[in-house]
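As the structure is a computational prediction, the values presented were derived from the model and not from experiment. Both counts, for ligands and for their atoms, begin at 1 and track the order of listing. Reckoned from all heavy atoms, side chains included, excluding hydrogens, waters and symmetry mates.
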Amino acid sequence: MKNKLKEMLLRGEKPIGTFCGLNSPTAIECLGRTGLDFVIIDCEHSPAEAETAMELMRAAELSGLTALCRVRDLSRSAVLKLLDVGARGLIVPNIHSVEEVQQIIDYAKFAPIGQRGFCPTRKDGWGFDEECTVAETMEKMNASTLLLPQCETAEALAHIEEIVALEGVDGVFIGPFDLSIALGLPGQFDHPTVAAAFRRVREAAHKAGKLCFYFTGTAQGVADGFAAGYDAMLMGIDTLLLINGVKGQVEAAKKAMEK
Ligand code: 3PY
Ligand code: MG
């Protein structure tokens, strides 16, 4: 029931992660040898479902990476299955209202915070990972599982202060693509209106004592994000890291061949 990522965050360290789009356990094992701290298995924008996510989590755990998952939709089964197979946190996309977030808290957190359903599952080694009563397991899972709704719609932005104040919300994950699109400025992350929206989300989260995660495509973006005050940074997607890494090597090889 440990969450190495949450422990890093509590110590004020600067975790770096990436999204999984390759959905390959071997690719995750490779990522475990790169210095990354965590991965987000993406059941929203990749074809992965809970069964695939479970295999990817096994690879992540064996490789020292904390595995979070992005849920495919806001249904109870989407939330519960990923938590039961062992996700140490959930990213919840496409939120439009405070009520939707409250519903997600009910699905994802055990009583007294929410109404998560209980069953011996992989999340706690079917009850054999630690000697705990059911009540102790519920409390430990609530404390160790990160629940991070995304702020990526105009409606979520308008209600961000209420969203981050909810008990059970551990932080917020800014979706820069979708939020910039919602603001009518697709991909213009440095536009003053978009930058002000990102700042509003970050400041609201921190004022409520919650975390703020941000997504970027570059190494410089990671450094800039931490300098701006984000708590954790997502550096792209494993698919893009693969393309960029190989592309750079092919270009370097061709340049060397010209000499
Ligand atoms: C977005 O930028 O909209 C995201 O959800 C990042 O993955
Ligand atoms: Mg998005």
Please confirm whether the backbone N or O of Gly114 pairs with a side-chain atom of Asp106, one donor and one acceptor, at under 3.5 Å?
no

Can we say [X] and [Y] salt-bridge, meaning some charged N sits less than 4.0 Å from an Asp/Glu carboxylate O?
| X | Y | answer |
| --- | --- | --- |
| Arg72 | Asp42 | no |
| Lys247 | Glu251 | yes |
| Glu49 | Lys81 | no |
| Lys4 | Glu13 | no |
| Arg70 | Glu44 | yes |
| Lys109 | Asp170 | yes |

Among all protein non-hydrogen atoms, which one is nearest to atom 7 (O) of ligand 1, and what is the separation to 0.1 Å?
Arg70 NH1, 3.1 Å

Ligand-side contact atoms (ligand 1) for residue partner [X], heavy atom cut-off under 4.0 Å:
| X | result |
| --- | --- |
| Phe19 | 7 (O) |
| Glu152 | 1 (C), 3 (O), 4 (C), 5 (O) |
| Asp178 | 1 (C), 2 (O), 3 (O) |
| Gln150 | 4 (C), 5 (O) |

Below 6.0 angstrom between ring centroids: does that apply to Phe19 and Phe215?
yes

Less than 6.0 Å separating the ring centroids of Tyr214 and Phe198?
yes

Min N/O separation Phe177 to ligand 1 under 3.5 Å:
yes

Compare all side-chain heavy atoms of Met57 with those of Arg88 and state whether any distance is below 4.5 angstrom.
no

Close approach of Pro176 to ligand 1, heavy atoms, under 4.0 angstrom
yes

Output, by chain and residue number, all protein N/O/S atoms separated from the Mg ion (ligand 2) by less than 2.8 Å.
Glu152 OE1, Asp178 OD2

Mode of Glu44 contact toward ligand 1 - side chain, backbone, both, neither (heavy atoms, under 4.0 Å):
neither

